[in-house]
Every structure is written in C-alpha cells, then in structure tokens.
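What you see is a predicted model; the values in this text were computed from it and never measured.
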Amino acid sequence: MTFQEHIKQGIPSILPNPKPYDKEINHAPKRKEILSDEEKKLALKNALRYFEPKHHATLLPEFKEELEKYGRIYMYRFRPDYRMYARPISEYPGKCEQAKAIILMIQNNLDYAVAQHPHELITYGGNGAVFQNWAQYLLTMQYLAEMTEEQTLSMYSGHPMGLFPSNKEAPRVVVTNGMVIPNYSKPDDWEKMNALGVSQYGQMTAGSYMYIGPQGIVHGTTITVLNGFRKIKKSPTGGLFVTSGLGGMSGAQPKAGNIAGCVTVCAEVNPKITHIRHSQGWINEVIDSIEDLVPRVQKALANQEVVSIAYLGNVVDVWERFDQENIHIDLGSDQTSLHNPWAGGYYPMGYSFDESNELMANNPDKFKEEVQKTLRRHASAINKHTTKGTYFFDYGNAFLLEASRAGADVIEKNPTIGHEFKYPSYVQDIMGPMCFDYGFGPFRWVCASGNPDDLAKTDKIACAVLEEMMKTAPEEIQQQMADNIQWIKGAQENQLVVGSQARILYADAEGRIKIAEAFNQAIAKGEIGYVILGRDHHDVSGTDSPYRETSNIYDGSRFTADMAIQNVIGDSFRGATWVSIHNGGGVGWGEVINGGFGMVLDGTKEASKRLESMLFWDVNNGISRRNWARNEGAVFAIKRAMETQPLLKVTIPNMVDDNLF
C-alpha cells in the first residue's frame with residue numbers, strides 16, 4: 001500500500017506481523033505494577049475492543065505479555081512501517097486541509113528526532129503522550145483523512161471518540177487529556193487509569209499536537225538565562241549555569257546557554273538521550289567523569305568560553321564536587337521530570353541508569369525512598385552554593401515541591417512574597433513579571449509546506465513586523481521587543497529546527513496578530529504555503545499552575561483554574577482549528593490545568609477574521625486575570641489593550657494601602 005492508503009486504512013482487517021522490540025530506540029521505562037488481577041482483565045478487554053472478535057484469541061496473549069512486561073498495552077504490532085515525520089501537507093490524504101494539517105502535527109510529535117519514546121507514543125517529559133496505543137493512532141489518522149469541514153473529531157485522552165456533525169466555523173478537533181474527577185487525581189490514579197487504557201497524561205504540547213522539538217523551550221530558556229544574569233547584574237560571558245536534564249524539554253537548556261553566551265553544565269543519567277542531543281548539536285561536549293569535568297569547567301571559565309557540557313551522571317555529583325572545588329555557580333536550576341518522580345522523571349544516586357529502571361519497576365517503594373534521599377542531598381548541596389552567592393531558581397518542574405515532600409531543607413515561609421520555598425520559581429522572578437504580565441508568551445508557527453525557504457521567509461516577515469512595532473512600543477516593553485528581534489535574527493544560524501519547519505518567539509497580542517496577518521497576506525499572494533499557528537501552553541493565559549505559570553499570582557487564586565477553562569472555551573468559538581485542555585503538564589498530574597490551540601492560516605479573509613478574534617482573546621484573557629490579581633505589569637497591559645479595542649471592558653482592581661492595616 002502507498003503511504004496515503006495506509007493513513008486511510010485505519011485499523012487493518014488483516015493483522016500485520018508482530019514487530020520485534022527495537023533496542024536502538026529510547027524506550028519508556030517499565031511502569032510499576034498497579035492493577036489487580038480483575039483490573040488486568042479489564043485492561044485487556046479495553047484494549048481488545050478496538051479489534052474484530054476474530055482477532056481476539058491471537059492478540060490477547062500478546063497484549064497480556066505487554067501489560068506484564070511494560071506495565072502498559074502499547075500494541076507494538078500495529079506500529080506503522082512508514083517513516084514517521086512531518087511531511088509536506090500536500091502528501092496527506094483528506095477532504096479538508098485543516099485535518100491534513102493536524103495529521104502533519106501529530107506525526108511531527110511522533111518523529112523519532114522529536115519524540116522521547118516514539119514507540120510508546122510519548123513525546124516528552126517521560127509520560128507526555130499523544131496516544132495511549134497504536135490502535136488509537138491508526139483510527140485517528142483514518143478519521144482525519146475522511147473528515148470534512150462540517151465535522152468535528154472528539155478526542156478523549158488519546159481515544160478518538162468519533163466524528164460528529166459540526167460546522168465550518170467550529171474546531172475540527174477537540175482534545176481533552178486526563179480530565180478526571182479532582183478526588184481521583186493523585187499520581188497512582190494516573191498509573192491505574194493509564195494502565196487500564198482509559199486516561200492519559202498529555203503533558204502540554206504532546207497531547208495537543210503542538211510540540212516542535214527542543215526549540216519550543218530554547219527561546220524561553222534563553223530569555224530566562226539572560227534575565228537571570230540581569231538579575232544578578234552580571235554578564236553571561238564567563239558565567240556558569242548548572243542544571244540537569246536532556247530530555248524533550250530540558251534538552252533545550254545547553255543550546256539556550258550557548259545562545260545566551262555562558263558556560264553551561266547540564267547533567268543527564270540516560271546515555272542514549274545524552275548522545276542523541278550531542279549528535280543533534282544541542283550540546284558541544286559529553287564528559288562522563290567528574291574528575292574530567294572539574295578541570296574542563298575551570299578552563300572554560302578562565303577562558304570565558306561559550307560552551308555547553310553534558311555530564312553523563314547524576315547532577316548531585318556536580319553540585320557537591322563544585323562546592324568542594326570552590327567553583328562558583330552563577331545560575332543554578334533543575335529540569336528533570338519531577339512531575340513524574342516515581343516513574344523515570346528523576347534518578348537516585350548510587351545506582352546506574354539500568355539499575356534504577358530495574359528498581360523502579362520491581363521495588364517501587366525502595367526506588368521512592370532512594371529518590372527522596374537523593375533530593376535531600378541535592379537540595380543540601382544547592383543550599384551550600386546559594387550561601388556563596390549562587391542564584392538558584394525552580395524551573396517549574398516541581399523540584400522544590402518534591403524536595404519539600406522528601407523533607408529537604410527548602411522551606412522558608414515568607415508572607416511578603418507569598419510563597420514558602422527558599423527559592424523562587426523562574427515565573428515568579430523572571431517570566432511572570434517580565435513577560436507574562438505584559439502579555440508576552442511563546443507564540444509559534446509551522447510551515448505546512450515543509451519547505452525551509454518558507455520558514456526563512458516567515459522569519460523575515462516576523463522580524464520586519466517586530467522592528468516596525470519597536471519604533472512606537474512603550475518603554476515598559478522595549479526590552480522584551482529587543483530580545484525577540486535579536487532572537488529571530490539569529491534563529492537560522494542557531495539551527496533550531498528539529499522535525500517540522502517551525503519557529504517560536506515571544507510576542508504579545510498585538511505582535512501575534514500582526515505577525516499572523518502578515519503571514520496570511522503572504523499566503524494569499526502565493527509567497528509561502530499554509531502556516532499553522534500555535535503556542536506553548538506555558539503562556540500568559542492557557543495554564544493555571546500554582547508552582548509555575550501562575551506562581552506570581554498573590555491574591556489567593558493560584559489554585560483556581562478558571563482562566564485555563566475560560567481560555568479553551570473562548571478559543572473554541574473564536575476560530576481555533578483545534579483546541580485542547582489537559583489535567584497535568586509541566587509540574588504534574590493533579591497539579592495544573594492547561595489548554596492550547598492550533599490554527600491553520602490559508603490566506604483567506606475568513607482566516608484573517610479568525611486570527612484577530614482568537615489571538616486577541618487568547619492573550620488578553622490571561623492578562624485580565626493577572627490584572628485582577630493586582631500585578632502591576634498586567635494592569636498596564638490590559639489598560640493599553642482597552643485603548644486599542646473599544647469593545648474590551650475589563651474590571652480594574654482598586655489598590656489598597658497596606659498602612660491601613
């Protein structure tokens with residue numbers, strides 16, 4: 001069969017041959033055993049319902065073996081034979097260009113160069129899934145290939161519930177991931193429901209089909225590192241940034257350090273992902289001995305090199321040894337997947353990578369004990385450095401949260417700033433007050449043609465728009481504008497593309513609308529092909545996350561999720577091509593509600609109307625909430641938005657004099 005025939009086929013009526021387990025691929029760790037015997041039976045029945053009864057006797061022992069061996073039923077047999085990557089939109093079958101664009105984005109999320117565990121359909125974060133199994137993938141491809149502009153596909157945690165009659169202005173796909181009843185949102189609840197095949201963790205852009213590889217976070221990390229050095233009033237040149245994690249999101253850190261211009265040391269315990277990042281050019285050097293690392297870093301600092309070094313080992317070794325050697329760390333953080341601490345997100349000291357994975361699967365209680373012991377040592381070593389002047393920030397990965405739960409010395413009640421950790425979240429100190437409050441967040445686009453020339457043209461268009469806006473931008477946002485112009489000018493030479501021809505930059509509502517409209521006009525003139533707009537959920541408006549995106553909300557509403565829900569509802573009827581809302585993402589299941597969207601620009605007048613309506617709401621919904629929380633930058637930003645749009649009327653808070661109390 002041709003590629004297009006495979007897509008349209010869906011679940012095959014004739015079983016494909018079983019596929020061998022490919023040891024060359026980076027696989028998800030075995031999940032812990034959590035189902036009772038009766039629940040295992042239910043999980044198998046749930047999996048078999050995708051297939052005709054005549055195949056059940058053949059598939060049952062196979063799925064049973066997967067469940068026992070990996071803790072999940074992935075249906076490896078049904079993994080497609082064709083290469084998985086974002087093809088040009090013209091190569092996809094379908095009756096609707098919007099649906100073809102969604103297929104493109106899904107396949108990009110599962111590209112081997114992009115996905116963390118592609119055979120388990122996991123894009124990043126250890127458990128951030130696009131689908132739960134390959135049957136769901138095949139069925140979704142079939143639905144999208146036959147979808148018309150009068151239908152909407154409903155996606156329930158990876159399961160395609162079906163195509164429903166709709167209308168041209170409605171979203172083509174509505175995605176929910178992990179939206180469980182709140183009292184059943186603990187980590188073990190996810191383990192059980194995921195093993196049963198009834199819910200999944202979509203992370204942020206994994207389950208919403210908007211992941212663009214490490215580039216998606218490189219820009220935000222670059223801004224964070226630059227502003228981190230600005231906070232300590234030091235140039236990045238000759239400075240040292242120490243962190244950990246080289247996965248789907250964290251792998252961006254060394255590249256961002258290079259762009260910022262400092263020395264970066266990033267520790268990672270997984271040899272395979274370390275060497276993948278090195279081969280992709282995201283890190284300059286790999287060192288697997290702490291004895292070799294110390295003199296190499298000392299030399300790099302003395303020579304003011306711009307270099308990124310991956311330490312293949314546990315990051316606690318780095319913090320402790322650098323303390324002993326009096327190597328001064330300017331900026332410190334951590335981006336291991338601590339939203340998922342007991343299933344591969346963080347590894348204990350004293351065990352090899354393979355030994356840790358075995359312990360995780362076969363003795364989860366001991367594994368948890370060792371992880372928490374390591375977290376306590378990790379925090380203790382950081383504390384020693386911060387007394388010497390290191391600026392440490394929590395990178396929104398739940399490091400401080402899990403360290404505190406482990407009994408680490410990271411608590412310091414401080415009612416003045418409204419949180420109880422010794423160290424701030426990077427959103428509290430940097431991204432929140434400097435970017436999100438002013439409406440600046442991770443706007444992104446993908447060139448559906450797959451043509452690098454189209455991406456280069458969109459870079460130039462975006463840069464021209466920003467430079468024109470810069471001429472009249474108020475002083476309050478001059479720095480944000482300058483950083484983004486510098487970023488987009490260097491985007492090509494920094495070779496940021498992994499997977500689809502995609503780009504990201506931080507822009508406010510005005511910038512997003514003007515850039516999108518300029519793209520739409522270029523499409524109408526035939527200068528470029530279709531463009532798919534989106535954003536990270538890690539943004540001004542899409543996510544309610546008390547320890548990350550909304551950690552600089554101090555009016556007591558940090559633990560509410562009205563903003564995220566309002567966001568996805570509003571995007572749905574203002575023109576989004578697809579929308580998503582997830583439980584979990586970034587800091588973990590049960591810790592955050594986050595939403596996203598995708599929008600296809602086709603050069604039509606209708607697309608112009610949709611982008612203006614939706615993008616204005618998508619940003620200003622979040623600014624209005626931040627304004628109501630009395631965030632100074634957001635009050636400024638929403639008042640400015642009301643001046644530009646007479647139909648916008650937002651409630652402005654009255655400030656209360658603390659002296660009254």
Side-chain angles (χ1 to χ4, degrees), residues 4 6-12 46 49-50 75 78 80 84 86-87 89 91-110 121 123 129-179 197-200 202-211 446 448 530 532-534 537 568-583 595-602 606-607 610 614:
Q4 292 202 357
H6 273 291
I7 294 293
K8 291 190 285 187
Q9 176 187 226
I11 297 173
N46 287 346
R49 60 184 159 178
Y50 285 100
M75 308 180 186
F78 295 93
M84 190 71 71
R87 292 164 171 77
I89 193 170
E91 295 186 19
Y92 291 105
K95 303 171 183 176
C96 167
E97 294 301 303
Q98 292 181 336
K100 292 182 185 180
I102 298 168
I103 298 176
L104 182 160
M105 296 300 291
I106 288 172
Q107 294 198 344
N108 184 68
N109 270 20
L110 296 172
L121 301 120
T123 302
V130 189
F131 300 98
Q132 297 177 65
N133 58 58
W134 285 103
Q136 292 178 345
Y137 167 84
L138 294 174
L139 195 52
T140 301
M141 293 297 101
Q142 183 182 42
Y143 278 138
L144 289 170
E146 66 185 56
M147 172 189 283
T148 72
E149 292 184 344
E150 301 293 329
Q151 291 174 304
T152 292
L153 176 61
S154 185
M155 297 294 301
Y156 279 45
S157 280
H159 170 66
M161 192 60 73
L163 291 170
F164 289 82
S166 185
N167 63 76
K168 195 172 181 179
E169 298 307 313
R172 296 281 67 80
V173 180
V174 174
V175 180
T176 55
N177 281 300
M179 298 305 291
V198 297
S199 192
Q200 75 173 11
Q203 257 288 353
M204 292 185 142
T205 51
S208 64
Y209 325 142
M210 191 45 72
Y211 190 65
V446 175
Y530 286 8
I532 304 164
L533 300 182
H537 299 201
V568 74
I569 293 171
D571 285 356
S572 297
F573 63 79
R574 286 177 169 87
T577 304
W578 73 96
V579 292
S580 62
I581 189 76
H582 304 174
N583 166 27
F597 76 87
M599 174 179 277
V600 178
L601 300 183
D602 58 8
E606 290 78 12
R610 286 195 295 267
M614 201 217 73

*Asks:* Indicate the atoms forming the closest heavy-atom contact of Val198 with Arg49, along with that distance.
*Replies:*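 Scanning both residues, the minimum pair turns out to be CG1-NH2, 4.3 Å.
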
*Asks:* Please report the shortest heavy-atom distance between Ser208 and Trp578, naming the atom on each side.
*Replies:*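 Closest heavy-atom pair between Ser208 and Trp578: O-NE1, 2.9 Å.
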
*Asks:* Which pair of non-hydrogen atoms, one from Ala145 and one from Ile7, has the smallest distance, and what is that distance?
*Replies:*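 Reported closest heavy-atom pair: CB-CG2, 4.0 Å.
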
*Asks:* So, applying side chain to side chain contact (heavy atoms under 4.5 Å, CB included) with Val173, which one of Leu144, Thr152, Val579 is it?
*Replies:*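 Option passing the side chain to side chain contact (heavy atoms under 4.5 Å, CB included) with Val173: Leu144.
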
*Asks:* Between Met75 and Ala135, which heavy-atom pair has the shortest distance, and what is it?
*Replies:*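 Answer, listing the atom of Met75 first, then Ala135: SD-CB, 3.4 Å.
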
*Asks:* Ignoring hydrogens, what is the shortest heavy-atom contact between Met105 and Tyr209? Give both atom names and the distance.
*Replies:*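 In terms of heavy atoms, the two residues are closest at CB-O, 3.2 Å.
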
*Asks:* Specify the closest pair of heavy atoms between Gln132 and Ser157, including all atoms of both residues, with the distance to one decimal.
*Replies:*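 Heavy-atom minimum between the residues: NE2-O, 2.7 Å.
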
*Asks:* Quick one: are Tyr530 and Lys100 in side-chain contact, heavy atoms under 4.5 Å?
*Replies:*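 No, their side chains stay 4.5 Å or more apart.
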
*Asks:* Does Asp571 reach the main-chain N or O of Ser580 with its side chain, forming a donor-acceptor pair under 3.5 Å?
*Replies:*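 No; judged by distance alone, with no hydrogens or angles, the pair does not exist.
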
*Asks:* Give a yes or no on whether the backbone of His582 and the side-chain of Asn177 come within a donor-acceptor separation of less than 3.5 Å.
*Replies:*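 Such a contact is absent between Asn177 side chain and His582 backbone.
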
*Asks:* To the nearest 0.5 Å, what is the distance between CD1 (Ile532) and CG (Asp602)?
*Replies:*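 If I round to the nearest 0.5 Å, the distance is 11.5 Å.
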
*Asks:* Quick one, Phe131 and Ile106 - any side-chain contact, counting heavy atoms below 4.5 Å?
*Replies:*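 They are in side-chain contact.
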
*Asks:* Compare all side-chain heavy atoms of Val446 with those of Leu104 and state whether any distance is below 4.5 angstrom.
*Replies:*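 Yes - at least one pair of side-chain heavy atoms lies under 4.5 Å apart.
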
*Asks:* Kindly say whether Met161 contributes a backbone atom to a donor-acceptor pair with the side chain of Ser154 at under 3.5 angstrom?
*Replies:*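 The answer is no, because no donor-acceptor pair under 3.5 Å joins these two groups.
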
*Asks:* Is the shortest side-chain heavy-atom distance between Gln136 and Pro160 below 4.5 Å?
*Replies:*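 Yes - at least one pair of side-chain heavy atoms lies under 4.5 Å apart.
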
*Asks:* Just to verify, what does Phe78 make a ring-ring contact (aromatic ring centres under 6.0 Å, His included) with, not counting sequence neighbours?
*Replies:*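 Listed in chain order: Phe51.
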
*Asks:* Between OG1 of Thr140 and CE of Met147, what distance do you get to the nearest 0.5 Å?
*Replies:*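 Interatomic distance, Thr140 OG1 to Met147 CE, rounded to 0.5 Å: 10.0 Å.
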
*Asks:* With distance as the sole test, does Arg574 use its side chain to make a donor-acceptor pair with the main-chain N or O of Arg610 at under 3.5 Å?
*Replies:*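 Side chain of Arg574 to backbone of Arg610: no pair is present.
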
*Asks:* Tell me if a side-chain donor or acceptor on Gln9 pairs with a main-chain N or O of Gln142 at a distance below 3.5 Å.
*Replies:*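 Not a single qualifying donor-acceptor pair exists.
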
*Asks:* My understanding is that only residues two or more places apart in sequence, or in another chain, count here; which of them pass side chain to side chain donor-acceptor pair (under 3.5 Å) with Arg87?
*Replies:*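 Partners of Arg87 under the side chain to side chain donor-acceptor pair (under 3.5 Å) test: Gln107.
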
*Asks:* Please check if the side chain of Glu169 supplies one atom and the backbone of Phe573 the other of a donor-acceptor pair under 3.5 Å.
*Replies:*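 Checked: no pair found.
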
*Asks:* Which residue pairs pass the ring pair (Phe, Tyr, Trp, His ring centres under 6.0 Å) test when at least one of the two sits in residues 138-179, sequence neighbours left out?
*Replies:*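 Listed once each, the pairs are Tyr50-His159.
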
